[in-house]
Amino acid sequence: MTRVISTVHCDADAASSSLTGSALKSVRSVVAAPENEMKRWRRIFEANAKVVIDGEKYLDPDSFVNAIAPKNDSTKIGRAQFAILFRVADSSKRGLVSWDDFTVFETLLKRPDADYWIAFQYFDVDSSGTITFDEFKNVFLANVGPSAIPFDFDCDWVKLYLGRKNDTHVLGYNEFTQLMKGLQGERLRQAFKYLDKDQDGFIRPEEFKQIILEIAGHKLSDAVIERLPTLCTLTPSGRISYSEVIAFQNVIREMDMVERILREATAKSKDGRIDQSDFLNHSAAISRYALFTPMEASIIFHFAGRGSREKKLALLDFAQLLDPQWRTPHEVLEANEVSPKASLLQGVLKSAYSFVQGGIAGALGATIVYPIDMGKMQNQRSTVVGQMLYKNSIDCAQKIFRNEGLMGFYRGLGPQLIGVAPEKAIKLTVNGLVRGRAMDPETGRIKLGWELIAGGTAGGCQVIFTNPLEIVKIRLQIQGEAAKLEGAVKTGAAHIVRQLGVVGLYKGASACLLRDIPFSAIYFTAYSHLKKDVFHEGYNGKQLSFLETLGAAGIAGMPAAYLTTPADVVKTRLQVEARQGQTHYKGLTDAFVKINKEEGFKALFKGGPARILRSSPQFGFTLLAYEYLQKYPWQDNKSEVKTALTTPKRDEMSQIRARNALKILLDVHGDFGRRAANFSHPLVKQAPPTTSPSKTA
């Protein structure tokens with residue numbers, strides 16, 4: 001009945017101290033519960049209650065946790081720690097929670113101050129409505145354990161909060177709430193004084209970590225906890241001062257405001273990055289008084305930047321400080337690993353699907369731009385009389401259409417499409433693999449040098465398929481016009497392959513490497529930076545639209561295509577079978593020298609505009625298709641900063657308040673609740689159940 005009829009508190013006002021009035025209010029609260037709410041509670045209770053005694057169901061500690069713990073918690077509070085609330089719900093202290101107990105507990109959670117109320121009831125062991133000095137001390141010590149940093153209960157700070165009732169020091173409810181709110185600060189002060197043995201105002205880094213783990217470990221990610229000792233690098237002494245400890249504690253206490261400032265400031269920044277000045281300026285702009293000191297801002301940027309001196313940081317950099325559950329991408333992958341057999345099968349299926357993705361995307365891009373592929377323009381020899389077939393690309397297109405018809409624009413497309421799948425799959429897979437290996441495991445960023453290496457490696461690997469493909473394609477393209485002029489019989493791709501042989505298919509491979517390595521290095525790097533820096537992908541969770549993705553992929557192809565035109569011209573000359581009267585080239589260097597000498601430097605960029613017109617839309621549509629195909633069925637998670645402020649509130653308010661009540665208790669000690677299974681509630685003996693419980697499925 002003490003849970004339904006509220007007890008009288010020594011610090012309550014006269015109007016509300018009436019036992020009868022308080023009881024009536026509590027009863028009305030229970031009776032007034034809407035029917036649908038009671039049905040929901042009953043459904044939750046019935047779904048989790050497994051213990052049956054004399055035909056009645058009960059919740060044991062495990063099933064109670066399942067019933068009241070939030071399902072989508074964004075904090076580090078373990079589900080096992082919710083068992084600490086079981087002692088509040090178990091009013092009879094028999095180790096089981098009945099349906100009546102559960103409805104009273106759920107009604108209690110409807111209070112706007114349920115978090116502090118539950119914490120008060122946990123310390124109020126004898127349910128007297130007040131907490132004596134001994135109760136507070138015993139419950140505190142029972143939960144923190146003997147290895148915790150000692151706390152002086154006879155300090156002046158505790159005495160300031162104690163009232164007096166019947167010549168006994170006691171805490172009323174209102175006094176208790178204020179004491180709990182300030183307890184962390186006093187614990188921090190005492191812990192620092194205890195560890196500062198020589199009283200010089202400094203402690204060692206490992207001692208600072210010990211303090212924070214005890215009073216705020218549940219509020220920080222593992223990554224930040226591991227870097228706590230690095231706070232000593234902010235000063236030349238190599239140790240940590242009391243001012244820095246207090247500043248760090250203030251940052252933790254105001255973390256919600258820190259997140260708000262960071263989100264708003266980065267959203268307003270042109271490049272999505274801010275420095276300490278931006279942070280402090282925005283903090284001053286949205287608040288009446290200064291919320292954070294320069295030291296506190298330095299601490300925020302120190303842990304977000306992982307000790308680096310980089311001035312500007314993006315919101316993603318602050319994720320490990322804002323999200324207690326933050327883990328590196330590698331840790332997430334390891335946590336999601338399945339059995340070796342399933343993992344192997346999944347890897348094979350994913351690799352096969354990647355090849356299909358590359359094939360579809362590459363075929364689409366190649367088909368769209370194939371008519372623009374003016375290989376004949378690059379093979380045209382300016383020094384051979386009668387061989388100046390085309391004045392420019394437009395003239396070339398007109399003559400192809402007149403002599404060969406519409407199908408002339410697609411001559412050689414078959415072999416191109418056959419080789420596109422492995423070529424694109426290798427290029428995209430290798431680029432992604434190298435980028436993944438070179439990427440910072442915590443921030444997901446990659447340095448410019450590694451971006452170029454990743455793209456270049458991908459371009460080099462694709463030559464295995466690209467060179468044979470292009471030599472067949474070029475000869476098929478050129479023979480159409482030659483057949484018209486010379487009456488030659490057209491041959492197919494199979495004939496060309498047999499004629500060249502395996503070695504011949506790789507003729508001009510050095511020039512192909514010279515073209516594809518820088519092309520891919522420029523292209524993938526430009527594409528990545530266009531998405532991130534120009535179209536702002538990932539800023540505040542932004543995802544690029546269809547046109548933005550197409551624009552980034554298309555624009556990236558322009559410089560890559562034009563700057564590698566000389567290598568493409570040389571490759572084409574080496575791969576095309578020279579006819580009578582045409583210059584023969586011995587190799588890569590010989591081709592460069594002779595083309596420059598006979599036709600001039602401009603000849604090396606012959607067909608450059610056509611390459612831009614071809615490569616830009618081809619890679620634009622290829623990457624666009626690949627980006628969209630990549631989302632299914634293995635969609636990569638986008639880098640977002642998800643915290644309690646941004647995660648959708650799928651839990652009921654009662655579950656949120658239950659979690660908040662635990663946060664208040666965890667402020668006493670980070671292990672509060674984890675030790676719950678090792679000891680019974682202080683000062684209370686549990687009564688054994690009258691009948692031996694049995695469990696039903």
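The chain is numbered in sequence order, starting from 1.
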Ring geometry between F279 and F292 (parallel below 30°, tilted from 30 to 60°, perpendicular above 60°):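 The rings of F292 and F279 sit tilted, inter-plane angle from 30° to 60°.
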Aromatic ring pairing F86/F64, orientation class (parallel under 30°, perpendicular over 60°, tilted between):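 Aromatic pair F86/F64 classed perpendicular.
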Does the side chain of [X] reach to within under 4.5 Å of the side chain of [Y], using non-hydrogen atoms?
X	Y	result
L183	M180	yes
P229	E206	no
E175	L179	no
N174	F120	no
V258	L291	no
E56	D54	no
H282	I274	no
I44	E106	no

Which heavy atom of [X] sits nearest to which heavy atom of [Y], and what is that distance?
X	Y	result
W99	M38	CH2-O, 3.9 Å
L321	M255	O-CE, 3.8 Å
T103	T107	O-OG1, 2.7 Å
L108	W117	CD1-CD1, 2.9 Å

D60-S63 side chain donor-acceptor pair, cut-off 3.5 Å: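 D60 vs S63: donor-acceptor pair found between side chains.
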Stepwise side chain to side chain contact (heavy atoms under 4.5 Å, CB included) check, V125 with N138: CA-CA 10 Å; V125 179; N138 290 336; over 6 Å; no
Within 6.0 angstrom of F133 CZ, more than 12 heavy atoms from elsewhere: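 Correct, the count exceeds 12.
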Does [X] use its side chain to pair, donor to acceptor, with the backbone of [Y] at less than 3.5 Å?
X	Y	result
K93	R87	yes
S221	Q320	yes
D323	A319	no
D124	G129	yes
E135	D126	yes
D317	A314	yes

Set of residues satisfying side chain to side chain donor-acceptor pair (under 3.5 Å) with respect to E214, sequence neighbours excluded: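 If we apply the side chain to side chain donor-acceptor pair (under 3.5 Å) test to E214, skipping adjacent residues, the hits are R187.
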Interatomic spacing from CG in L109 to CG in L85 - rounded to 0.5 Å: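 Rounded to the nearest 0.5 Å, the CG-CG separation comes out at 8.0 Å.
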Pairwise distance CG(D115) to CD1(I664) - rounded to 0.5 angstrom: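 Here the interatomic distance stands at 4.0 Å.
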Y242 and its ring-ring contact (aromatic ring centres under 6.0 Å, His included) partner, picked from F208, F192, F248: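 For Y242, the ring-ring contact (aromatic ring centres under 6.0 Å, His included) test succeeds with only one of F208, F192, F248, which is F192.
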Partners passing side-chain contact (heavy atoms from CB on, under 4.5 Å) against S98 (at least two apart in sequence or in another chain):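 If we apply the side-chain contact (heavy atoms from CB on, under 4.5 Å) test to S98, skipping adjacent residues, the hits are Y58, R94, D100, D101.
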Ionic contact status for E186 with R189, cut-off 4.0 Å: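 Yes, this pair counts.
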Between F318 and F303, ring centroids under 6.0 Å: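 They do not qualify: ring centres at least 6.0 Å apart.
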Show the atom names and distances, to 0.1 Å, of all donor-acceptor pairs under 3.5 Å that link a side chain in residues 146-156 to residues at least two apart or in another chain.
from, atom 1, to, atom 2, distance (Å)
D152, OD1, D154, N, 3.0

